[in-house]
Amino acid sequence: GGAYRTAGGDFWVAGVTTLRDDTVVDAGIGDVLFSGTVDSGAGAESLTVNSSGTTTFVRAVGGQKELDSLVTDAAGSAHTAAVQTAGSQFYNDAVSLNGSYAVSSGTFLAGGSVTLRGPVAISGGDITLSGSIDSAPTRGFALTLNPGDGNSALLAGDVGAADPLGGLTVQAVAAGP
């Protein structure tokens, strides 16, 4: 846990990461790479990554023990592979998604463009995709949104305009009696 600043250099972790406290990684213009899984320790810790370079999560985040939240800044880009959080997920930059994204409570927000690098399912909480949504070129990956009971899904940008999706499903849960 704590704050890690690289003064513009790259930040990378080659193995499994277990957060022991809320953590901030500030790489400036440097890239950030987590090549192993990233999980909370005893509590539900949050992770914030600030980089105008590329932020990459090669393996699942929160797959063994969900994080409280995951936030990336508006500069640069992020590449993720399945994320599970108790609270919100905010991808404020352009983001590539691949796999399952679950928010137990809170919001899933992609503030920039979204590229599907595999089939993607986003569930729980309000879901907002603010920018364009495209599949990886010539791949036609599908996107499934399931905001859950009482929550909403908002697609504010073009969908599949540059590279078509293989499908778009928005699942609604009916409100109780």
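Because the structure is a prediction, the values reported are computed rather than measured.
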Q: State whether the side chain of Gln84 and the backbone N or O of Ser100 hold a donor-acceptor pair below 3.5 Å, judged by distance alone.
A: no
(Q) According to a hydrophobic-cluster definition based on side-chain heavy atoms being under 4.5 Å apart (Ile, Leu, Val, Met, Phe, Trp, Tyr only), do Leu154 and Phe90 belong together? (A) no
Q.
Check whether Thr23 reaches the backbone of Asp21 with its side chain - one donor and one acceptor, N or O, closer than 3.5 Å.
A. yes
Q) Any side-chain heavy-atom pair from Leu165 and Ile133 closer than 4.5 angstrom? A) yes
(Q) Please check: side-chain N/O of Asp73 versus main-chain N/O of Asn50, any donor-acceptor pairing under 3.5 Å? (A) no
Q.
Is a donor from one side chain sitting under 3.5 angstrom from an acceptor on the other, for Asp22 and Ser46?
A. yes
**Q.** Closest non-hydrogen atom pair between Ser35 and Ala14, with its separation
**A.** OG-O, 2.7 Å
Q: Step by step, work out the side chain to side chain contact (heavy atoms under 4.5 Å, CB included) result for Leu67 and Leu19.
A: CA-CA 9 Å; Leu67 305 187; Leu19 303 177; 3.8 Å; yes
Q) Is the side chain of Lys65 donor-acceptor paired with the backbone N or O of Val38 at a distance under 3.5 Å, no angle test? A) no
Q.
Any side-chain to backbone donor/acceptor pair from Ser40 onto Glu66? Under 3.5 Å, distance only.
A. yes
Q. To the nearest 0.5 Å, how far apart are CG in Asn146 and CG in Asp149?
A. 10.0 Å
Q. Between Leu168 and Val120, is there a shared hydrophobic cluster once you connect ILVMFWY residues whose side-chain heavy atoms come closer than 4.5 Å?
A. yes
Q. Ring centres of Tyr91 and Phe108 under 6.0 Å apart?
A. yes
Q.
Under a plain distance cut-off of 3.5 Å, with no hydrogens placed, do Tyr101 and Thr80 share a side-chain donor-acceptor pair?
A. yes
Q: Quick one: closest heavy-atom pair of Ser104 and Ala86, and the distance?
A: CB-O, 3.5 Å
**Q.** Considering all heavy atoms, the nearest Ala110-Val114 contact
**A.** CB-CG2, 3.5 Å
Q.
Using a 3.5 Å distance criterion without hydrogens, assess whether the side chain of Thr56 forms a donor-acceptor pair with backbone atoms of Val58.
A. no
Q: Give the cluster check for Val71 versus Tyr4: same hydrophobic cluster or not, with ILVMFWY residues linked at side-chain heavy-atom distances below 4.5 Å.
A: no
(Q) Side chains of His79 and Val95, heavy atoms from C-beta outward: is any pair under 4.5 Å? (A) no
Q) In Å and rounded to the nearest 0.5 Å, what is the OG to CG distance from Ser132 to Leu155? A) 11.5 Å
Q: Fit a plane to each ring of Phe34 and Phe57, take the angle between them on a 0 to 90° scale, and name the class: parallel (under 30°), tilted (30 to 60°) or perpendicular (over 60°).
A: parallel
Q. Looking only at heavy atoms, which two atoms of Ser96 and Arg117 are closest? And how far apart?
A. OG-NE, 3.5 Å
**Q.** Partner set under side-chain contact (heavy atoms from CB on, under 4.5 Å) for Thr138, not counting sequence neighbours
**A.** none
Q. For Gly140, does its backbone N or O pair with a side-chain atom of Ser135 as donor and acceptor, under 3.5 Å?
A. yes
Q. For the side chain of Asp134 and the backbone of Ala162, is there at least one donor-acceptor N/O pair under 3.5 Å apart?
A. yes
Q) When you look at CD1 of Ile29, are more than 12 heavy atoms from neighbouring residues, nucleotides or ligands closer to it than 6.0 Å? A) no
Q. Judged by modelled atom types alone, do Thr72 and Asp93 share a side-chain donor-acceptor pair under 3.5 Å?
A. yes
Q | Shortest non-hydrogen contact from Val83 toward Gln89 | A | O-NE2, 3.3 Å
**Q.** Residue list, side-chain contact (heavy atoms from CB on, under 4.5 Å) with Ala27, at least two apart or on another chain
**A.** Thr6, Val32, Ser51
Q: Kindly check if the number of other-residue, nucleotide or ligand heavy atoms within 6.0 Å of CZ (Arg139) is above 12?
A: no
(Q) If I take atom CD1 from residue Ile122 and atom CG from residue Leu129, how far apart are they, to the nearest 0.5 angstrom? (A) 5.0 Å
Q: Kindly compute the distance separating CG (Leu33) from OG1 (Thr55), expressed to the nearest 0.5 Å.
A: 9.5 Å
Q.
Would you say that Leu116 contacts Leu143 through its side chain, given a criterion of any heavy-atom pair below 4.5 Å between the two side chains?
A. yes
Q.
What's the separation between atom CD in Gln171 and atom CG in Leu145, rounded to the nearest 0.5 Å?
A. 8.5 Å
Q: May I ask you to test the Glu45-Asp68 pair for a side-chain heavy-atom distance under 4.5 Å?
A: no
Q) Roughly how far apart are Leu47 CG and Thr17 OG1, rounded to 0.5 Å? A) 8.5 Å
Q: Indicate if Val159 and Ile127 have the same hydrophobic cluster label, given that clusters are the connected sets of ILVMFWY residues with side-chain heavy-atom separations under 4.5 angstrom.
A: yes
Q. Donor-acceptor pair, Thr107 side chain versus Ser88 backbone, under 3.5 Å?
A. no
Q: Evaluate the side-chain proximity of Leu109 to Asn92: yes if any heavy-atom separation is below 4.5 Å, no if none is.
A: yes
Q) Of the non-hydrogen atoms in Arg59 and Thr37, which two are nearest, and what is the gap between them? A) CB-N, 3.7 Å
Q: Would you confirm whether Asp10, through its side chain, and Asp31, through its main-chain N or O, come within 3.5 Å as a donor-acceptor pair?
A: yes
